[in-house]
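Report on the structure given below.
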Amino acid sequence: MKINTKLSALCIAATLMSVAQAAAAAPAVTAPAEATQPSVANPAASAPAQVPAPAASAPAAMPAPAQAPSVPAASTPAAAAGSAKAATPVAPSAPAQRPSTSVAPAAAPSVPSTVKPSKPQQPSTSAPAAAATSVKPTQLDKLNHESAVPLVLEAQSRYQYAISGGSPVGEAFQLNGKSYRYLSEDIGTKTKLISYLTQAYTKQASEQFVGKFFVEVNGRLAQLNADGGNLLEFSRATAKMVTMTPVKRSYLLTVPYPAETKQANAKITVNFEKVGSYWKISSAPHVIF
C-alpha cells in the first residue's frame, strides 16, 4: 500500500508538472509566431517600394520568405529573433548594390566625347594653299621660278592692251603722210599710260616703251594705226633663274610656239627688279614680246 501510494503521488506530481510545462510553453510558442510574421512581412512589402522592377532585386527579396516557415518549427524565441535579424539586412543590401552598377553607363558617353574635338583640326591645313594662289601678280613680294611666270603673263596683257590702242580705239588721223590713231580714254595720256604699265613694269621700262611707240598730239597719246604681236604661248612658259641679288634677278624663259607651227621653243631673258615691297619687270615690253 505504501508503494502504491507513493507511485500515485509521483504520477500526480508528474501530471501537474507536465500541465505546468505545457501552460508555460504555450505562450512562448504563440508569441514568437505572432511577432515574427509581421517582421517577415515588412521586408517583403518594403522591397518593391525601393527597387522598381529589376531582376536583380528578386533574388535579394526571396531569402526573407524562405526563413519565415522555419520560425514556427523552432521552440525557442531566440531562433525566431535570430532569423528575423538575419532577414532584415538583406533588404537594404539589394538597393545598395544598384547605384554601383549604374555608374558604368554614365561613364560610357565620356569616351567618344574626347575623340570628336580632334577631327575638326584638319580643315586648317588648306588655308596656306588658298592664300598662296590668291597673291596678285602686281603685288608679288616673293619671286621664284614659279611666281615669275604669272608676273610675265600680267606684263604681256598690259603690253597687248597698250599696243592695240586700248578699248575702244580712238579716232584715226593723218600725220606726216602716215595713219595714226588716238588711244582710248583710260590710257589716252602719257601719265595714264605710265601709271597703267608700272603695275607690272618698272618706271624706266615703261617710259622706254612709251617713247618708242607713241606720240603726243594736242596732249593726247597716239600711235601708228597698225596691230602687232607674236604667236608665242607665254602661258606654257617655264622659267629658270640665271642671276640673283636681293633686289635684281634674271630668269631664262623657255616659251613654246603653237604645236601646228612646228617651231622650236624661244629662249627669252627677262629681268626683274624689286620696287618698294613688290617685284616688277625691268625689261622693256617690246624687248620681251
Side-chain angles (χ1 to χ4, degrees), residues 121-168 183-216 219-223 228-230 232-256 265-289:
Q121 296 177 357
Q122 294 181 358
S124 62
T125 57
S126 62
T133 57
S134 64
V135 175
K136 295 181 179 180
T138 56
Q139 298 178 355
L140 186 64
D141 57 352
K142 293 180 181 180
L143 184 66
N144 53 46
H145 69 283
E146 293 181 348
S147 60
V149 175
L151 181 54
V152 170
L153 290 176
E154 179 69 22
Q156 182 190 28
S157 175
R158 291 176 184 268
Y159 161 77
Q160 290 179 339
Y161 185 80
I163 203 69
S164 61
S167 180
L183 273 63
S184 60
E185 182 64 26
D186 55 336
I187 56 173
T189 66
K190 186 176 181 178
T191 302
K192 289 181 179 180
L193 182 56
I194 294 294
S195 176
Y196 174 75
L197 292 172
T198 51
Q199 298 296 312
Y201 300 90
T202 61
K203 186 177 182 181
Q204 183 180 1
S206 300
E207 289 177 345
Q208 184 181 354
F209 170 64
V210 172
K212 185 175 180 65
F213 290 93
F214 302 92
V215 295
E216 193 169 7
R220 297 177 62 185
L221 284 182
Q223 64 180 167
N230 57 54
L232 290 173
E233 296 181 342
F234 283 89
S235 60
R236 297 197 294 125
T238 58
K240 181 180 179 181
M241 188 173 59
V242 179
T243 61
M244 181 183 75
T245 68
V247 294
K248 292 184 178 181
R249 295 180 187 179
S250 296
Y251 284 84
L252 179 63
L253 268 62
T254 301
V255 189
N265 296 336
K267 303 288 185 178
I268 303 173
T269 300
V270 181
N271 299 321
F272 298 82
E273 185 177 339
K274 197 169 189 179
V275 180
S277 300
Y278 306 127
W279 287 93
K280 309 292 182 181
I281 293 179
S282 58
S283 300
H286 57 280
V287 174
I288 305 172
F289 309 108

Do K192 and E185 have side chains that approach each other closer than 4.5 Å (heavy atoms only, starting at C-beta)? yes

State which residues pass side chain to side chain contact (heavy atoms under 4.5 Å, CB included) with A205; sequence neighbours excluded, sorted by chain then number. Y201, T202

Check: R249 side chain, L143 main-chain N or O, donor-acceptor pair, under 3.5 Å: yes

Is the shortest side-chain N to carboxylate O distance from E207 to K190 below 4.0 Å? no

Separation between CG of L197 and CG of L193, rounded to the nearest 0.5 Å: 4.5 Å

Trace of the side chain to side chain contact (heavy atoms under 4.5 Å, CB included) decision for F272 with V152: CA-CA 10 Å; F272 298 82; V152 170; 4.0 Å; yes

Should Y159 and I288 count as side-chain neighbours, where that means a heavy-atom distance under 4.5 Å? no

Hey, mind stepping through H286 and Q208 against side chain to side chain contact (heavy atoms under 4.5 Å, CB included) and telling me if it holds? CA-CA 9 Å; H286 57 280; Q208 184 181 354; 4.2 Å; yes

Check the pair K267, L252 against side chain to side chain contact (heavy atoms under 4.5 Å, CB included), reporting the backbone distance first and the verdict last. CA-CA 7 Å; K267 303 288 185 178; L252 179 63; 4.2 Å; yes

L221 versus I187: any side-chain heavy-atom pair under 4.5 Å? no

Please examine the side chains of V242 and T269, heavy atoms only from C-beta on, and report whether any two atoms are closer than 4.5 Å. no

Any side-chain heavy-atom pair from V149 and Y251 closer than 4.5 angstrom? no

Restricting to side chain to side chain contact (heavy atoms under 4.5 Å, CB included), what partner residues turn up for K142, sequence neighbours left out? none

Fit a plane to each ring of F234 and F289, take the angle between them on a 0 to 90° scale, and name the class: parallel (under 30°), tilted (30 to 60°) or perpendicular (over 60°). perpendicular

With a 4.5 Å limit on heavy-atom distance, are the side chains of N271 and K248 in contact? no

Quick one: does any side-chain atom of Q223 pair with a main-chain N or O of I163 as donor and acceptor, under 3.5 Å? yes

Q160, CD: over 12 other non-hydrogen atoms inside 6.0 angstrom: yes

Side chain to side chain contact (heavy atoms under 4.5 Å, CB included) between L140 and E154, intermediate numbers included: CA-CA 11 Å; L140 186 64; E154 179 69 22; over 6 Å; no

Value for CG (L253) from CG (L232), rounded to nearest 0.5 Å, stands at 10.5 Å

